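Predicted model only: the values in this text are computed from it and were never measured.
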Amino acid sequence: MTESTPSAKPERSPSDRRKWFGLVVISIAVALIIVDSTIVNVAIPSIVDDLGISSTQVQWVQESYTLVFAALLIVFGTLADRFGRRRMLLIGVVVFGGASVFAAIAPTGDLLILSRVIQGVGGAMILPTTLSIINATFRGRDRAIAFAVWGSTIGGMVAVGPLLGGWLTTDFSWRWAFGINVPLGILIIVGLLLFVSESREPATDRIDVVGAVLSILTSASLVYGLIEGRSLGWWLTDNPLVIGDWTWPFTLSPVPVALMVTVVAGVAFVLWGRHRMRQGRSTIIAFSLFSLPSFRNGNIAALIVSLGEFGIILSLPIWLQFVLGYSALQTGLILLALAIGSFVASGFAGAFGNRVAPVLIVRVGIVAEIIGVAGIGLVVGPATEWFAIVPFLFVYGFGVGLATAQLTGVVLKDVPVEQSGQGSGTQSTARQIGSALGIAVLGTILFVSTASVLDGRLEDAGVPSAQRDALVTSVVDSSGAAIAGLDANPATATVAEDARIALSDGTRSAAFAAAGFLAVGFLATLSLGAGRREDREDEAGARADGTHSSETSDPAPRA
(Lines give C-alpha, C1' and ligand atoms only; values in the text may rest on other atoms or scores of the structure.)
Protein backbone atom coordinates (compact mmCIF):
# COMPACT_ATOMS: atom_id res chain seq x y z
CA MET A 1 0.00 0.00 0.00
CA THR A 2 1.54 3.29 -1.12
CA GLU A 3 1.00 6.52 0.81
CA SER A 4 1.56 10.03 -0.44
CA THR A 5 4.46 12.00 0.89
CA PRO A 6 2.32 14.61 2.69
CA SER A 7 0.51 11.96 4.71
CA ALA A 8 3.73 10.08 5.48
CA LYS A 9 5.48 13.02 7.12
CA PRO A 10 3.07 13.48 10.02
CA GLU A 11 3.21 9.74 10.76
CA ARG A 12 6.99 9.93 11.26
CA SER A 13 6.62 12.71 13.82
CA PRO A 14 5.81 10.47 16.84
CA SER A 15 8.75 8.26 15.95
CA ASP A 16 11.00 11.31 15.79
CA ARG A 17 9.80 12.43 19.21
CA ARG A 18 10.47 8.96 20.63
CA LYS A 19 13.95 9.07 19.15
CA TRP A 20 14.79 12.31 20.98
CA PHE A 21 13.19 11.16 24.23
CA GLY A 22 15.32 8.03 23.86
CA LEU A 23 18.42 10.23 23.55
CA VAL A 24 17.55 11.83 26.90
CA VAL A 25 17.30 8.38 28.49
CA ILE A 26 20.60 7.30 26.94
CA SER A 27 22.26 10.47 28.23
CA ILE A 28 21.04 9.73 31.76
CA ALA A 29 22.54 6.23 31.43
CA VAL A 30 25.88 7.73 30.41
CA ALA A 31 25.65 10.22 33.28
CA LEU A 32 25.06 7.32 35.69
CA ILE A 33 28.40 5.64 34.99
CA ILE A 34 30.46 8.81 34.54
CA VAL A 35 29.25 10.32 37.82
CA ASP A 36 29.99 7.05 39.62
CA SER A 37 33.58 7.07 38.37
CA THR A 38 34.18 10.49 39.98
CA ILE A 39 31.74 10.64 42.90
CA VAL A 40 33.74 8.14 44.96
CA ASN A 41 36.84 10.34 45.07
CA VAL A 42 35.30 12.85 47.49
CA ALA A 43 33.63 10.10 49.55
CA ILE A 44 36.86 8.18 50.25
CA PRO A 45 37.75 9.97 53.54
CA SER A 46 34.32 9.12 54.98
CA ILE A 47 34.61 5.52 53.75
CA VAL A 48 38.00 5.20 55.48
CA ASP A 49 36.56 6.53 58.76
CA ASP A 50 33.49 4.29 58.62
CA LEU A 51 34.95 1.01 57.39
CA GLY A 52 38.54 1.43 58.59
CA ILE A 53 39.97 0.30 55.25
CA SER A 54 43.70 0.28 54.51
CA SER A 55 45.50 2.48 51.99
CA THR A 56 45.72 -0.52 49.63
CA GLN A 57 41.97 -1.04 49.87
CA VAL A 58 41.43 2.67 49.21
CA GLN A 59 43.29 2.30 45.92
CA TRP A 60 41.25 -0.71 44.91
CA VAL A 61 37.94 0.95 45.79
CA GLN A 62 38.84 3.61 43.23
CA GLU A 63 40.65 1.52 40.64
CA SER A 64 38.85 -1.84 40.51
CA TYR A 65 35.93 -0.15 38.75
CA THR A 66 38.18 1.48 36.14
CA LEU A 67 40.15 -1.71 35.53
CA VAL A 68 37.13 -3.96 34.89
CA PHE A 69 35.30 -1.22 32.99
CA ALA A 70 38.13 -0.68 30.50
CA ALA A 71 38.82 -4.40 30.08
CA LEU A 72 35.28 -5.31 28.99
CA LEU A 73 34.28 -2.39 26.72
CA ILE A 74 35.17 -4.02 23.40
CA VAL A 75 33.64 -7.37 24.31
CA PHE A 76 30.28 -5.96 25.41
CA GLY A 77 30.18 -3.57 22.47
CA THR A 78 30.42 -6.57 20.15
CA LEU A 79 27.89 -8.64 22.10
CA ALA A 80 25.41 -5.75 21.97
CA ASP A 81 25.44 -5.87 18.16
CA ARG A 82 24.78 -9.59 18.25
CA PHE A 83 22.19 -10.00 21.03
CA GLY A 84 20.45 -6.63 20.96
CA ARG A 85 21.61 -3.15 21.86
CA ARG A 86 18.68 -2.19 24.06
CA ARG A 87 18.78 -5.58 25.76
CA MET A 88 22.47 -5.18 26.60
CA LEU A 89 21.86 -1.67 27.92
CA LEU A 90 18.98 -2.89 30.11
CA ILE A 91 21.11 -5.72 31.52
CA GLY A 92 23.96 -3.27 32.16
CA VAL A 93 21.72 -0.88 34.09
CA VAL A 94 20.30 -3.75 36.18
CA VAL A 95 23.79 -5.09 36.96
CA PHE A 96 25.07 -1.60 37.76
CA GLY A 97 22.09 -0.78 39.97
CA GLY A 98 22.27 -4.09 41.82
CA ALA A 99 25.99 -3.64 42.47
CA SER A 100 25.28 -0.11 43.73
CA VAL A 101 22.88 -1.54 46.34
CA PHE A 102 25.56 -3.92 47.60
CA ALA A 103 28.11 -1.08 47.64
CA ALA A 104 25.73 1.12 49.65
CA ILE A 105 25.25 -1.53 52.35
CA ALA A 106 28.78 -3.00 52.28
CA PRO A 107 29.96 -3.67 55.86
CA THR A 108 33.63 -4.20 54.92
CA GLY A 109 36.19 -2.83 52.50
CA ASP A 110 36.53 -6.16 50.69
CA LEU A 111 32.79 -6.35 49.95
CA LEU A 112 32.83 -2.73 48.77
CA ILE A 113 35.67 -3.57 46.35
CA LEU A 114 33.73 -6.60 45.06
CA SER A 115 30.70 -4.36 44.50
CA ARG A 116 32.86 -1.92 42.55
CA VAL A 117 34.12 -4.76 40.34
CA ILE A 118 30.53 -5.72 39.49
CA GLN A 119 29.72 -2.05 38.87
CA GLY A 120 32.57 -2.04 36.35
CA VAL A 121 30.92 -4.95 34.51
CA GLY A 122 27.63 -3.07 34.33
CA GLY A 123 29.34 0.14 33.24
CA ALA A 124 31.15 -1.68 30.44
CA MET A 125 27.77 -2.91 29.17
CA ILE A 126 26.33 0.61 29.22
CA LEU A 127 28.88 2.96 27.63
CA PRO A 128 29.61 1.35 24.23
CA THR A 129 25.96 0.33 23.87
CA THR A 130 24.76 3.93 24.23
CA LEU A 131 27.11 4.92 21.41
CA SER A 132 26.00 1.98 19.30
CA ILE A 133 22.31 2.93 19.71
CA ILE A 134 23.05 6.53 18.71
CA ASN A 135 25.06 5.35 15.73
CA ALA A 136 22.21 3.06 14.63
CA THR A 137 19.41 5.59 15.28
CA PHE A 138 20.63 9.00 14.14
CA ARG A 139 21.82 10.07 10.72
CA GLY A 140 22.85 13.24 8.94
CA ARG A 141 22.09 16.53 10.70
CA ASP A 142 20.51 14.80 13.73
CA ARG A 143 23.68 12.85 14.42
CA ALA A 144 25.73 15.99 15.15
CA ILE A 145 23.18 17.06 17.75
CA ALA A 146 22.96 13.57 19.28
CA PHE A 147 26.71 13.22 19.67
CA ALA A 148 26.91 16.77 21.06
CA VAL A 149 24.44 15.85 23.80
CA TRP A 150 26.26 12.56 24.51
CA GLY A 151 29.70 14.20 24.69
CA SER A 152 28.57 17.17 26.75
CA THR A 153 26.96 14.77 29.21
CA ILE A 154 30.32 13.08 29.73
CA GLY A 155 32.19 16.37 30.10
CA GLY A 156 29.61 17.84 32.44
CA MET A 157 29.20 14.78 34.64
CA VAL A 158 32.96 14.62 35.29
CA ALA A 159 32.48 17.89 37.19
CA VAL A 160 29.02 17.16 38.64
CA GLY A 161 30.27 13.93 40.26
CA PRO A 162 32.46 15.63 42.88
CA LEU A 163 29.70 18.15 43.62
CA LEU A 164 27.06 15.45 44.08
CA GLY A 165 29.47 13.31 46.09
CA GLY A 166 30.43 16.21 48.32
CA TRP A 167 26.79 17.08 49.02
CA LEU A 168 25.67 13.50 49.71
CA THR A 169 28.72 12.72 51.86
CA THR A 170 28.51 15.97 53.84
CA ASP A 171 24.74 16.13 54.44
CA PHE A 172 23.85 12.42 54.46
CA SER A 173 26.33 9.54 54.18
CA TRP A 174 28.92 8.19 51.76
CA ARG A 175 26.54 5.26 51.24
CA TRP A 176 24.17 7.55 49.36
CA ALA A 177 26.94 8.18 46.82
CA PHE A 178 26.08 4.65 45.68
CA GLY A 179 22.42 4.52 46.74
CA ILE A 180 21.45 7.37 44.43
CA ASN A 181 22.16 5.06 41.47
CA VAL A 182 19.08 2.95 42.30
CA PRO A 183 16.31 5.49 41.54
CA LEU A 184 18.27 6.70 38.52
CA GLY A 185 18.56 3.12 37.29
CA ILE A 186 14.80 2.57 37.61
CA LEU A 187 14.16 5.79 35.66
CA ILE A 188 16.52 4.63 32.90
CA ILE A 189 14.92 1.18 32.63
CA VAL A 190 11.43 2.66 32.28
CA GLY A 191 12.67 5.17 29.70
CA LEU A 192 14.43 2.48 27.65
CA LEU A 193 11.30 0.34 27.51
CA LEU A 194 9.17 3.31 26.44
CA PHE A 195 11.38 5.23 24.04
CA VAL A 196 14.21 3.03 22.68
CA SER A 197 13.58 0.32 20.09
CA GLU A 198 15.56 -2.88 19.97
CA SER A 199 18.09 -3.35 17.19
CA ARG A 200 20.56 -6.12 16.47
CA GLU A 201 22.49 -7.70 13.64
CA PRO A 202 21.85 -11.22 12.29
CA ALA A 203 24.20 -13.79 13.81
CA THR A 204 26.41 -15.28 11.09
CA ASP A 205 28.93 -17.09 13.29
CA ARG A 206 29.59 -18.11 16.87
CA ILE A 207 31.16 -15.61 19.26
CA ASP A 208 34.96 -15.43 19.11
CA VAL A 209 35.63 -16.63 22.68
CA VAL A 210 39.43 -16.75 22.28
CA GLY A 211 39.45 -13.22 20.88
CA ALA A 212 37.27 -12.04 23.78
CA VAL A 213 39.65 -13.51 26.37
CA LEU A 214 42.71 -12.02 24.65
CA SER A 215 40.94 -8.65 24.40
CA ILE A 216 40.13 -8.62 28.11
CA LEU A 217 43.66 -9.71 29.02
CA THR A 218 45.22 -7.03 26.83
CA SER A 219 43.05 -4.18 28.11
CA ALA A 220 43.11 -5.22 31.77
CA SER A 221 46.89 -5.67 31.97
CA LEU A 222 47.55 -2.37 30.19
CA VAL A 223 45.20 -0.32 32.37
CA TYR A 224 46.49 -2.09 35.51
CA GLY A 225 50.09 -1.26 34.61
CA LEU A 226 49.28 2.38 33.87
CA ILE A 227 47.30 2.83 37.08
CA GLU A 228 49.69 1.03 39.43
CA GLY A 229 53.01 2.21 38.00
CA ARG A 230 53.38 5.22 40.29
CA SER A 231 52.55 3.34 43.50
CA LEU A 232 54.16 -0.06 42.86
CA GLY A 233 57.14 1.16 40.79
CA TRP A 234 57.63 1.30 37.04
CA TRP A 235 60.60 -1.10 37.07
CA LEU A 236 61.68 -2.12 40.57
CA THR A 237 59.23 -2.66 43.42
CA ASP A 238 58.75 0.55 45.43
CA ASN A 239 55.79 -0.77 47.43
CA PRO A 240 54.93 -4.47 47.59
CA LEU A 241 51.74 -5.73 45.97
CA VAL A 242 49.61 -7.36 48.67
CA ILE A 243 46.55 -9.49 47.90
CA GLY A 244 45.09 -10.97 51.07
CA ASP A 245 47.91 -12.87 52.81
CA TRP A 246 50.03 -13.03 49.64
CA THR A 247 52.79 -10.50 48.90
CA TRP A 248 54.61 -10.01 45.58
CA PRO A 249 57.95 -11.78 46.22
CA PHE A 250 60.20 -10.26 43.53
CA THR A 251 62.40 -7.18 43.31
CA LEU A 252 61.06 -6.60 39.81
CA SER A 253 57.80 -4.66 40.03
CA PRO A 254 54.61 -6.38 38.83
CA VAL A 255 54.03 -3.36 36.55
CA PRO A 256 56.56 -4.28 33.80
CA VAL A 257 55.27 -7.86 34.03
CA ALA A 258 51.73 -6.61 33.42
CA LEU A 259 52.88 -4.47 30.49
CA MET A 260 54.71 -7.46 29.00
CA VAL A 261 51.47 -9.45 29.26
CA THR A 262 49.83 -6.56 27.39
CA VAL A 263 52.30 -6.84 24.52
CA VAL A 264 52.08 -10.64 24.26
CA ALA A 265 48.29 -10.79 24.57
CA GLY A 266 47.87 -7.83 22.20
CA VAL A 267 50.00 -9.44 19.48
CA ALA A 268 48.17 -12.74 19.96
CA PHE A 269 44.82 -10.91 19.74
CA VAL A 270 45.73 -9.30 16.41
CA LEU A 271 47.17 -12.51 14.93
CA TRP A 272 44.16 -14.55 16.05
CA GLY A 273 41.72 -11.96 14.72
CA ARG A 274 43.42 -11.80 11.33
CA HIS A 275 43.42 -15.61 11.21
CA ARG A 276 39.65 -15.74 11.80
CA MET A 277 39.09 -12.90 9.33
CA ARG A 278 40.90 -14.85 6.58
CA GLN A 279 38.56 -17.76 7.32
CA GLY A 280 35.56 -15.47 6.96
CA ARG A 281 34.59 -15.85 10.61
CA SER A 282 33.49 -13.22 13.13
CA THR A 283 36.01 -11.34 15.26
CA ILE A 284 35.75 -9.27 18.45
CA ILE A 285 37.09 -6.24 16.60
CA ALA A 286 36.24 -5.74 12.95
CA PHE A 287 39.83 -5.23 11.81
CA SER A 288 38.51 -4.02 8.49
CA LEU A 289 37.33 -0.87 10.30
CA PHE A 290 40.93 0.26 10.62
CA SER A 291 41.07 0.57 6.84
CA LEU A 292 38.70 3.54 7.28
CA PRO A 293 40.89 6.65 7.70
CA SER A 294 38.26 8.37 9.87
CA PHE A 295 38.12 5.39 12.26
CA ARG A 296 41.86 4.68 12.36
CA ASN A 297 43.11 8.25 12.67
CA GLY A 298 40.16 9.28 14.84
CA ASN A 299 40.94 6.62 17.44
CA ILE A 300 44.58 7.72 17.57
CA ALA A 301 43.48 11.33 18.06
CA ALA A 302 40.90 10.31 20.69
CA LEU A 303 43.52 8.41 22.71
CA ILE A 304 45.96 11.34 22.69
CA VAL A 305 43.29 13.93 23.47
CA SER A 306 41.95 11.81 26.35
CA LEU A 307 45.46 11.62 27.74
CA GLY A 308 45.42 15.36 28.37
CA GLU A 309 41.68 15.82 28.78
CA PHE A 310 40.77 14.33 32.12
CA GLY A 311 44.15 13.89 33.80
CA ILE A 312 43.94 17.44 35.19
CA ILE A 313 40.76 16.46 37.08
CA LEU A 314 43.01 14.34 39.33
CA SER A 315 45.12 17.26 40.55
CA LEU A 316 42.55 20.06 40.80
CA PRO A 317 40.42 18.62 43.66
CA ILE A 318 43.60 17.84 45.61
CA TRP A 319 44.89 21.39 45.18
CA LEU A 320 41.54 23.03 45.93
CA GLN A 321 41.00 21.07 49.16
CA PHE A 322 44.48 20.67 50.63
CA VAL A 323 46.13 23.90 49.48
CA LEU A 324 43.27 26.41 49.37
CA GLY A 325 41.32 24.68 52.14
CA TYR A 326 37.95 24.27 50.43
CA SER A 327 35.56 21.54 51.55
CA ALA A 328 34.47 18.69 49.28
CA LEU A 329 31.18 20.47 48.61
CA GLN A 330 32.89 23.81 47.87
CA THR A 331 35.32 22.02 45.55
CA GLY A 332 32.39 20.46 43.69
CA LEU A 333 30.75 23.89 43.32
CA ILE A 334 33.93 25.35 41.81
CA LEU A 335 34.26 22.43 39.39
CA LEU A 336 30.65 22.99 38.39
CA ALA A 337 31.97 25.71 36.06
CA LEU A 338 33.44 22.90 33.95
CA ALA A 339 30.03 21.22 33.71
CA ILE A 340 28.32 24.48 32.75
CA GLY A 341 30.88 25.06 29.99
CA SER A 342 30.33 21.54 28.70
CA PHE A 343 26.56 21.92 28.56
CA VAL A 344 26.88 25.29 26.82
CA ALA A 345 29.02 23.50 24.23
CA SER A 346 26.10 21.13 23.60
CA GLY A 347 23.93 24.05 22.47
CA PHE A 348 26.77 25.47 20.40
CA ALA A 349 27.38 22.16 18.62
CA GLY A 350 23.65 21.75 18.04
CA ALA A 351 23.43 25.20 16.43
CA PHE A 352 26.54 24.95 14.25
CA GLY A 353 27.00 21.19 13.86
CA ASN A 354 24.96 21.15 10.65
CA ARG A 355 26.81 24.09 9.10
CA VAL A 356 30.40 23.42 10.20
CA ALA A 357 32.35 20.22 9.55
CA PRO A 358 32.60 18.11 12.73
CA VAL A 359 36.39 17.91 12.56
CA LEU A 360 36.59 21.71 12.67
CA ILE A 361 34.41 21.73 15.78
CA VAL A 362 36.78 19.15 17.29
CA ARG A 363 39.74 21.43 16.64
CA VAL A 364 37.97 24.46 18.11
CA GLY A 365 37.16 22.36 21.19
CA ILE A 366 40.75 21.20 21.65
CA VAL A 367 42.04 24.77 21.31
CA ALA A 368 39.54 25.85 24.00
CA GLU A 369 40.75 23.01 26.23
CA ILE A 370 44.37 24.10 25.75
CA ILE A 371 43.50 27.71 26.66
CA GLY A 372 41.54 26.58 29.72
CA VAL A 373 44.16 24.17 31.04
CA ALA A 374 47.09 26.50 30.36
CA GLY A 375 45.16 29.34 32.02
CA ILE A 376 44.66 27.17 35.11
CA GLY A 377 48.42 26.56 35.17
CA LEU A 378 49.08 30.30 35.01
CA VAL A 379 46.84 31.24 37.97
CA VAL A 380 47.55 28.27 40.28
CA GLY A 381 49.21 29.32 43.53
CA PRO A 382 48.89 28.91 47.31
CA ALA A 383 46.86 32.14 47.59
CA THR A 384 44.71 31.85 44.44
CA GLU A 385 41.06 32.84 44.84
CA TRP A 386 38.29 30.67 43.47
CA PHE A 387 37.08 33.34 41.05
CA ALA A 388 40.45 33.35 39.28
CA ILE A 389 40.14 29.73 38.22
CA VAL A 390 36.41 29.51 37.41
CA PRO A 391 36.60 31.27 33.97
CA PHE A 392 39.34 28.90 32.81
CA LEU A 393 37.34 25.90 34.05
CA PHE A 394 34.38 27.14 32.01
CA VAL A 395 36.52 27.48 28.86
CA TYR A 396 38.04 24.06 29.49
CA GLY A 397 34.60 22.49 29.96
CA PHE A 398 33.35 24.20 26.80
CA GLY A 399 36.23 22.63 24.89
CA VAL A 400 35.61 19.18 26.39
CA GLY A 401 31.95 19.39 25.39
CA LEU A 402 32.84 20.22 21.80
CA ALA A 403 35.80 17.88 21.31
CA THR A 404 34.44 14.79 23.09
CA ALA A 405 31.15 14.70 21.22
CA GLN A 406 32.28 15.61 17.75
CA LEU A 407 35.42 13.49 17.80
CA THR A 408 33.24 10.51 18.65
CA GLY A 409 31.04 11.36 15.67
CA VAL A 410 34.09 11.66 13.40
CA VAL A 411 35.42 8.27 14.53
CA LEU A 412 32.11 6.47 13.95
CA LYS A 413 30.72 8.34 10.94
CA ASP A 414 31.89 5.76 8.36
CA VAL A 415 31.33 2.69 10.55
CA PRO A 416 28.58 0.43 9.15
CA VAL A 417 25.57 0.21 11.46
CA GLU A 418 25.94 -3.56 11.78
CA GLN A 419 29.40 -2.99 13.32
CA SER A 420 28.35 -0.11 15.60
CA GLY A 421 28.99 -1.99 18.83
CA GLN A 422 32.45 -3.11 17.74
CA GLY A 423 33.33 0.40 16.60
CA SER A 424 31.89 2.01 19.73
CA GLY A 425 33.68 -0.42 22.03
CA THR A 426 36.99 0.18 20.27
CA GLN A 427 36.53 3.96 20.43
CA SER A 428 35.56 3.84 24.10
CA THR A 429 38.54 1.62 24.90
CA ALA A 430 40.92 4.03 23.15
CA ARG A 431 39.54 6.83 25.31
CA GLN A 432 39.80 4.77 28.51
CA ILE A 433 43.39 3.83 27.77
CA GLY A 434 44.18 7.47 27.05
CA SER A 435 42.52 8.55 30.30
CA ALA A 436 44.37 5.91 32.32
CA LEU A 437 47.64 6.91 30.69
CA GLY A 438 46.86 10.58 31.38
CA ILE A 439 46.14 9.90 35.05
CA ALA A 440 49.34 7.87 35.35
CA VAL A 441 51.56 10.41 33.58
CA LEU A 442 50.02 13.58 35.00
CA GLY A 443 49.78 12.02 38.47
CA THR A 444 53.48 11.19 38.29
CA ILE A 445 54.29 14.75 37.16
CA LEU A 446 52.13 16.19 39.96
CA PHE A 447 53.74 14.24 42.79
CA VAL A 448 57.32 14.11 41.47
CA SER A 449 57.28 17.88 40.96
CA THR A 450 55.72 18.42 44.39
CA ALA A 451 58.35 16.22 46.05
CA SER A 452 61.21 17.92 44.21
CA VAL A 453 60.08 21.47 45.05
CA LEU A 454 59.32 20.66 48.70
CA ASP A 455 62.61 18.84 49.16
CA GLY A 456 64.51 21.81 47.68
CA ARG A 457 62.72 24.35 49.91
CA LEU A 458 63.30 22.27 53.05
CA GLU A 459 66.95 21.82 52.13
CA ASP A 460 67.32 25.58 51.71
CA ALA A 461 65.73 26.00 55.15
CA GLY A 462 68.38 23.72 56.67
CA VAL A 463 66.12 20.78 57.52
CA PRO A 464 68.24 17.62 58.09
CA SER A 465 68.11 14.97 55.38
CA ALA A 466 66.28 12.25 57.34
CA GLN A 467 63.63 14.65 58.63
CA ARG A 468 63.30 16.19 55.17
CA ASP A 469 62.65 12.82 53.58
CA ALA A 470 60.02 11.97 56.18
CA LEU A 471 58.19 15.26 55.66
CA VAL A 472 58.24 14.98 51.85
CA THR A 473 57.02 11.38 52.03
CA SER A 474 54.15 12.26 54.37
CA VAL A 475 52.93 15.07 52.10
CA VAL A 476 53.25 13.12 48.84
CA ASP A 477 51.91 9.78 50.09
CA SER A 478 48.86 11.51 51.57
CA SER A 479 48.29 13.47 48.33
CA GLY A 480 48.54 16.67 50.38
CA ALA A 481 46.20 15.66 53.20
CA ALA A 482 49.11 15.88 55.69
CA ILE A 483 49.37 19.65 55.13
CA ALA A 484 46.51 20.39 57.57
CA GLY A 485 48.27 18.45 60.34
CA LEU A 486 51.56 20.21 59.67
CA ASP A 487 49.80 23.57 59.75
CA ALA A 488 48.12 22.80 63.10
CA ASN A 489 51.51 22.26 64.78
CA PRO A 490 53.40 25.55 65.36
CA ALA A 491 56.71 23.69 64.99
CA THR A 492 55.86 22.63 61.40
CA ALA A 493 53.68 25.54 60.26
CA THR A 494 56.44 26.84 57.96
CA VAL A 495 56.74 23.35 56.46
CA ALA A 496 53.01 23.43 55.72
CA GLU A 497 53.44 26.69 53.80
CA ASP A 498 56.32 25.17 51.84
CA ALA A 499 54.11 22.16 51.10
CA ARG A 500 51.33 24.41 49.77
CA ILE A 501 53.79 26.14 47.47
CA ALA A 502 55.21 22.78 46.33
CA LEU A 503 51.79 21.23 45.66
CA SER A 504 50.77 24.36 43.75
CA ASP A 505 53.90 24.06 41.63
CA GLY A 506 53.13 20.38 41.02
CA THR A 507 49.58 21.24 39.97
CA ARG A 508 50.93 23.92 37.63
CA SER A 509 53.35 21.43 36.04
CA ALA A 510 50.54 18.89 35.57
CA ALA A 511 48.35 21.55 33.94
CA PHE A 512 51.05 22.62 31.50
CA ALA A 513 51.80 18.96 30.69
CA ALA A 514 48.10 18.37 30.01
CA ALA A 515 48.08 21.39 27.70
CA GLY A 516 51.08 19.91 25.89
CA PHE A 517 49.35 16.57 25.39
CA LEU A 518 46.25 18.35 24.10
CA ALA A 519 48.44 20.25 21.63
CA VAL A 520 49.75 16.91 20.35
CA GLY A 521 46.14 15.72 20.12
CA PHE A 522 45.31 18.80 18.04
CA LEU A 523 48.12 17.91 15.65
CA ALA A 524 46.75 14.35 15.48
CA THR A 525 43.40 15.70 14.24
CA LEU A 526 45.17 17.10 11.17
CA SER A 527 45.28 13.51 9.89
CA LEU A 528 41.48 13.58 9.77
CA GLY A 529 41.53 15.84 6.71
CA ALA A 530 40.55 19.40 6.02
CA GLY A 531 37.10 19.06 7.48
CA ARG A 532 35.08 18.45 4.32
CA ARG A 533 31.51 17.72 5.31
CA GLU A 534 30.68 14.07 4.63
CA ASP A 535 27.09 13.71 5.77
CA ARG A 536 24.76 15.44 3.31
CA GLU A 537 21.08 16.03 3.80
CA ASP A 538 20.07 13.75 0.96
CA GLU A 539 21.84 10.86 2.67
CA ALA A 540 20.19 11.82 5.95
CA GLY A 541 16.77 11.76 4.33
CA ALA A 542 17.34 8.35 2.83
CA ARG A 543 18.64 6.91 6.06
CA ALA A 544 15.82 8.42 8.10
CA ASP A 545 13.36 6.25 6.18
CA GLY A 546 15.05 3.15 7.61
CA THR A 547 17.21 2.22 4.64
CA HIS A 548 20.27 1.44 6.75
CA SER A 549 21.30 -2.16 7.14
CA SER A 550 20.54 -2.62 10.83
CA GLU A 551 17.85 -5.20 11.52
CA THR A 552 15.30 -3.65 13.86
CA SER A 553 13.00 -5.87 15.88
CA ASP A 554 10.79 -5.86 18.95
CA PRO A 555 9.81 -2.20 18.72
CA ALA A 556 9.30 -0.53 22.07
CA PRO A 557 5.75 0.39 22.97
CA ARG A 558 4.76 3.93 22.21
CA ALA A 559 4.60 6.37 25.09
> Where do E369 and L518 come nearest, in terms of heavy atoms and distance?
Replying inline: OE1-CD2, 3.5 Å
> Is L51 close to L112 at the side-chain level, that is, under 4.5 Å between some pair of heavy atoms?
Replying inline: yes
> How close do L526 and R363 get, heavy atom to heavy atom, and via which atoms?
Replying inline: CA-NH2, 3.7 Å
> Taking 4.0 angstrom as the limit, do R457 and D460 come out as a salt bridge?
Replying inline: no
> Quick one: which of V261, L259, L232 gives a side-chain contact (heavy atoms from CB on, under 4.5 Å) with P254?
Replying inline: L232
>> As an exercise, state the distance from CG of L316 to CD1 of I389, rounded to the nearest 0.5 Å.
In response: 5.0 Å
> Which atom pair, heavy atoms only, marks the closest approach of G399 to A368?
Replying inline: CA-CB, 3.7 Å
>> If I take atom CG from residue L471 and atom OG1 from residue T492, how far apart are they, to the nearest 0.5 angstrom?
In response: 7.5 Å
> Between F69 and Y65, what is the ring plane arrangement, given parallel below 30°, perpendicular above 60°, and tilted in between?
Replying inline: parallel
>> Could you check whether atom CH2 of W386 has more than 12 heavy atoms from other residues, nucleotides or ligands sitting under 6.0 Å from it?
In response: no
> What's the verdict on side-chain contact (heavy atoms from CB on, under 4.5 Å) for L111 and T108, showing C-alpha distance, side-chain angles and the deciding distance?
Replying inline: CA-CA 5 Å; L111 289 177; T108 66; 3.4 Å; yes
>> Contact between V379 and F392 at the side-chain level, heavy atoms closer than 4.5 Å - yes or no?
In response: yes
>> Just so I know, are the side chains of F250 and L236 near enough to count as touching, which here means a heavy-atom distance under 4.5 Å?
In response: no
> If you round to the nearest 0.5 Å, how far is CG of L214 from CZ of F269?
Replying inline: 7.5 Å
>> Within the 4.5 Å heavy-atom criterion, are D505 and V380 side-chain neighbours or not?
In response: no
> Can you name the closest pair of heavy atoms from G233 and D238 and give their distance?
Replying inline: CA-OD2, 3.3 Å
> What pairs of residues pass the side-chain hydrogen bond (donor to acceptor under 3.5 Å, both in side chains) test when at least one of them lies in residues 216-226, not counting sequence neighbours?
Replying inline: S221-T262
> Minimum heavy-atom separation for F522 to I366, with atom names?
Replying inline: CB-CG2, 3.8 Å
> How many angstroms lie between CG in L503 and CG in L446, if you round to the nearest 0.5 Å?
Replying inline: 6.0 Å
>> Can you confirm whether V362 sits close enough to L402 that some side-chain heavy atom of one is under 4.5 Å from a side-chain heavy atom of the other?
In response: no
> Side chains of F102 and R116: does their closest heavy-atom pair fall under 4.5 Å?
Replying inline: no
>> Working note: W319 + T384, criterion side-chain contact (heavy atoms from CB on, under 4.5 Å); need CA distance, chi angles, decisive distance, verdict.
In response: CA-CA 10 Å; W319 173 71; T384 302; 3.8 Å; yes
> Are V475 and L454 close enough, and set up right, to give a side-chain contact (heavy atoms from CB on, under 4.5 Å), and what steps lead you there?
Replying inline: CA-CA 9 Å; V475 171; L454 181 56; 4.0 Å; yes
> With distance as the sole test, does S452 use its side chain to make a donor-acceptor pair with the main-chain N or O of V448 at under 3.5 Å?
Replying inline: no
>> Take a 6.0 Å sphere around CH2 of W234 and say whether it holds more than 12 heavy atoms from other residues, nucleotides or ligands.
In response: yes
>> Taking the side chain as everything from C-beta on, heavy atoms only, tell me whether L378 gets closer than 4.5 Å to F512.
In response: yes
>> Could you check whether any side-chain N or O of N297 sits under 3.5 Å from a backbone N or O of S527, counting only pairs where one atom can act as donor and the other as acceptor?
In response: yes
>> For T237 and T251: C-alpha separation, side-chain torsions, deciding distance, then whether side-chain contact (heavy atoms from CB on, under 4.5 Å) applies.
In response: CA-CA 6 Å; T237 301; T251 304; 5.7 Å; no
> Under a 4.5 Å cut-off applied to non-hydrogen side-chain atoms, are F76 and T129 in contact?
Replying inline: no
>> Which label fits W174 and F178: parallel for a plane angle under 30°, tilted from 30 to 60°, or perpendicular past 60°?
In response: perpendicular
>> Within this structure, what is the CG-CG distance for the pair L72 and L127, rounded to the nearest 0.5 Å?
In response: 12.5 Å
> Looking only at heavy atoms, what is the nearest atom pair of R468 and E459, with distance?
Replying inline: CD-N, 3.5 Å
> In Å and rounded to the nearest 0.5 Å, what is the CD1 to CZ distance from I445 to R508?
Replying inline: 14.5 Å
